Amino acid sequence: MAYNLLKGKKGIIFGALDEKSIAWKVALKAKEEGAEFVLSNAPIALRMGAINELAAKCGSEVIPADATSMDDLENLFSKSTEILGGKLDFVLHSIGMSPNVRKGKDYNELNYDWMMKAIDISALSFHKVMAVAEKQDAMNEWGSILALSYIAAQRTFPDYSDMAQSKAVLESIARSYGERLGRLKNIRVNTISQSPTVTTAGSGIGGFDVFFDYADKLSPLGNASAESCADYCVAMFSDLTRMVTMQNLMHDGGFSTSGITQKLIDKLS
Ligand code: NAI
């Protein structure tokens with residue numbers, strides 16, 4: 001059911017790779033709620049992915065951008081405001097990648113160049129996105145900027161490797177830039193810490209099936225799906241959440257505050 005929550009709002013959605021992607025679901029939901037937006041992803045992902053299919057459904061243009069490249073981001077933001085005919089009200093950063101995770105490196109054998117790459121792609125790119133938006137004055141007052149995070153920023157999940165550091169940096173950037181953009185332009189900046197979700201990035205983590213099941217059982221509501229994450233993102237882009245900023249918002253069915261649950265006891269007994 002649609003509520004027209006984003007009627008008249010314009011934005012950029014990063015990170016829709018295929019129909020499992022969280023950003024894909026956010027795009028469909030944002031469209032349903034009346035938003036207009038540009039879709040962006042890394043040039044290589046555009047070649048591999050199915051983003052044109054999503055673009056057709058959403059009536060959106062696709063503009064490639066490697067989120068670590070200031071030049072690409074400058075081009076993306078200036079073209080987006082031109083195409084959409086005005087400033088932006090929302091931005092979704094749904095981007096993550098770690099070469100060390102992809103290649104299954106043990107934590108004591110991390111390749112540091114790859115680690116820097118993971119932090120650049122998964123965290124610093126969020127700073128770059130906001131720096132370009134600020135420089136171009138591309139956002140409207142009371143706009144909303146969101147990135148997706150994971151609880152490995154606070155707790156240890158061994159196979160999450162250097163993505164844990166990336167997410168900790170990402171959440172910290174949301175606070176620091178949130179202070180700045182709030183003060184300058186009443187723009188809010190938050191991260192949503194999502195349950196494990198079956199996507200290309202998610203399933204690339206070693207032991208994913210086991211911790212997906214464990215998280216599901218340790219969450220009174222069960223794992224939050226990508227669809228419900230999209231609902232939350234839409235709520236965060238809407239005018240109903242104007243005073244929420246500089247937060248890491250847990251969207252995890254209760255996982256983060258559960259010690260043990262009956263479901264887990266039943267499984268372990
Ligand atoms: P996904 O694999 O569908 O999305 C990741 C996206 O990052 C892809 O579209 C990929 O092309 C993009 N990307 C990678 N390098 C890039 C670059 N240099 N420039 C621009 N884009 C680039 O997977 P998913 O799960 O939808 O991931 C979205 C976000 O959600 C990520 O930040 C991820 O860490 C986060 N997240 C995912 C969870 C999961 O279990 N799937 C749990 C909690 C958070």
Side-chain angles (χ1 to χ4, degrees), residues 3 5-6 9 11-15 22-23 25-26 29-30 33 35 37 67 88-96 119 122-131 133-134 138-157 160 163-197 201-202 215 218-221 223-258:
Y3 307 90
L5 284 175
L6 303 184
K9 295 205 184 290
I12 297 178
I13 296 180
F14 288 91
I22 297 168
K25 316 273 189 205
V26 176
K29 191 64 76 174
E33 292 295 337
F37 46 85
L88 309 174
D89 303 291
F90 66 91
V91 174
L92 176 71
H93 176 288
S94 185
I95 298 172
I119 294 173
S122 312
L124 303 190
S125 62
F126 193 41
H127 189 285
K128 292 176 182 176
V129 161
M130 290 187 276
E134 183 187 341
M139 298 287 299
N140 278 321
E141 290 251 339
W142 297 105
S144 175
I145 301 179
L146 265 186
L148 291 175
S149 194
Y150 184 57
I151 195 172
Q154 289 82 30
R155 295 197 201 162
T156 301
F157 295 80
Y160 208 67
M163 276 303 287
Q165 282 73 65
S166 298
K167 291 304 192 193
V169 173
L170 179 80
E171 291 175 13
S172 177
I173 288 171
R175 286 185 290 273
S176 297
Y177 229 130
E179 184 281 327
R180 182 175 171 87
L181 292 180
R183 168 166 44 87
L184 294 177
K185 236 183 146 180
N186 295 324
I187 291 167
R188 60 201 187 280
V189 182
N190 295 285
T191 49
I192 290 181
S193 185
Q194 164 67 7
S195 291
T197 314
L218 193 59
S219 309
L221 298 179
N223 285 332
S225 66
E227 285 79 9
S228 58
C229 187
D231 285 335
Y232 198 18
C233 292
V234 162
M236 289 306 300
F237 294 150
S238 82
D239 290 338
L240 300 179
T241 54
R242 283 152 64 109
M243 298 306 285
V244 182
T245 195
M246 301 157 66
Q247 302 299 316
N248 179 46
L249 304 161
M250 292 298 178
H251 186 253
D252 64 358
F255 176 83
S256 50
T257 43
S258 292

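We use all heavy atoms of the structure for the numbers below, so side chains are in, but hydrogens, waters and symmetry mates are not. Computed from a predicted structure; not experimentally measured.
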Review point. Can you check side chain to side chain donor-acceptor pair (under 3.5 Å) on Asn186 and Glu141, steps first, answer last?
Key: CA-CA 6 Å; Asn186 295 324; Glu141 290 251 339; 3.0 Å; yes

Revision key, fill the gap. When every non-hydrogen atom of Asn248 is compared with those of Ser193, the smallest separation belongs to OD1-CB, 3.7 Å

**Study point:** Ile13 side chain reached by Phe90 side chain, heavy atoms, under 4.5 Å
**Key:** yes

Exercise for review: Can you see which heavy atom on Ala123 is nearest to which on Ser166, and at what distance?
Suggested key: CB-O, 3.3 Å

Practice item. May I ask you to test the Met130-Arg180 pair for a side-chain heavy-atom distance under 4.5 Å? Key: no

Check your understanding: Got a donor-acceptor contact below 3.5 angstrom from the Thr197 side chain to the Ala226 backbone?
Key -> no

Practice item. Walk me through it: do Leu6 and Lys29 pass the test side chain to side chain contact (heavy atoms under 4.5 Å, CB included)? Key: CA-CA 10 Å; Leu6 303 184; Lys29 191 64 76 174; over 6 Å; no

**Study point:** Short side-chain to backbone donor-acceptor contact, Thr245 and Val189, under 3.5 Å
**Key:** yes

Check your understanding: Picking from Asp231, Leu92, Thr241, what satisfies side-chain contact (heavy atoms from CB on, under 4.5 Å) with Met236?
Key -> Thr241

Practice item. Starting at CD1 of Ile173, measure out to NE2 of His127 and round the result to the nearest 0.5 Å. Key: 6.0 Å

Check your understanding: Do the non-hydrogen side-chain atoms of Val91 and Met139 ever get within less than 4.5 Å of each other?
Key -> yes

Exercise for review: Specify the closest pair of heavy atoms between Ser125 and His93, including all atoms of both residues, with the distance to one decimal.
Suggested key: OG-NE2, 2.8 Å

Check your understanding: Any Lys/Arg nitrogen of Glu179 or Arg183 sitting under 4.0 Å from an Asp/Glu carboxylate oxygen of the other?
Key -> yes

Exercise for review: Examine distances only and state if a side-chain atom of Arg188 and a backbone atom of Trp142 form a donor-acceptor pair shorter than 3.5 Å.
Suggested key: yes

Point to revise | Rounded distance (nearest 0.5 Å) linking atom CG of Leu181 with atom CD1 of Ile145 | key: 5.5 Å

Review point. From Tyr177 OH over to Ile187 CD1, what is the distance, rounded to the nearest 0.5 angstrom?
Key: 9.5 Å

**Study point:** Separation of Asn223 CG from Cys229 SG (nearest 0.5 Å)
**Key:** 12.0 Å

Check your understanding: Which atom pair, heavy atoms only, marks the closest approach of Ser195 to Ala224?
Key -> OG-N, 2.9 Å

Exercise for review: Look up atom OH in Tyr3 and atom OG in Ser238, then write down how far apart they are to the nearest 0.5 Å.
Suggested key: 12.0 Å

Point to revise | Pair Ile12-Val129, side chain to side chain contact (heavy atoms under 4.5 Å, CB included): steps then yes or no | key: CA-CA 10 Å; Ile12 297 178; Val129 161; over 6 Å; no

Check your understanding: For the atom pair OH (Tyr232) and CG (Asn190), what is the distance rounded to the nearest 0.5 Å?
Key -> 8.0 Å

Practice item. Run the numbers on Tyr150 and Phe157 for ring pair (Phe, Tyr, Trp, His ring centres under 6.0 Å), then give the verdict. Key: CA-CA 10 Å; Tyr150 184 57; Phe157 295 80; 5.4 Å; yes

**Study point:** Sidechain-backbone polar pair: Glu33 side chain, Leu5 backbone, donor-acceptor under 3.5 Å
**Key:** yes

Practice item. Could you tell me which non-hydrogen atom of Met163 sits nearest to which non-hydrogen atom of Ser122, and how far apart they are? Key: SD-OG, 3.6 Å

Revision key, fill the gap. Nearest heavy-atom contact between Ala152 and Ala164 is O-CB, 3.4 Å

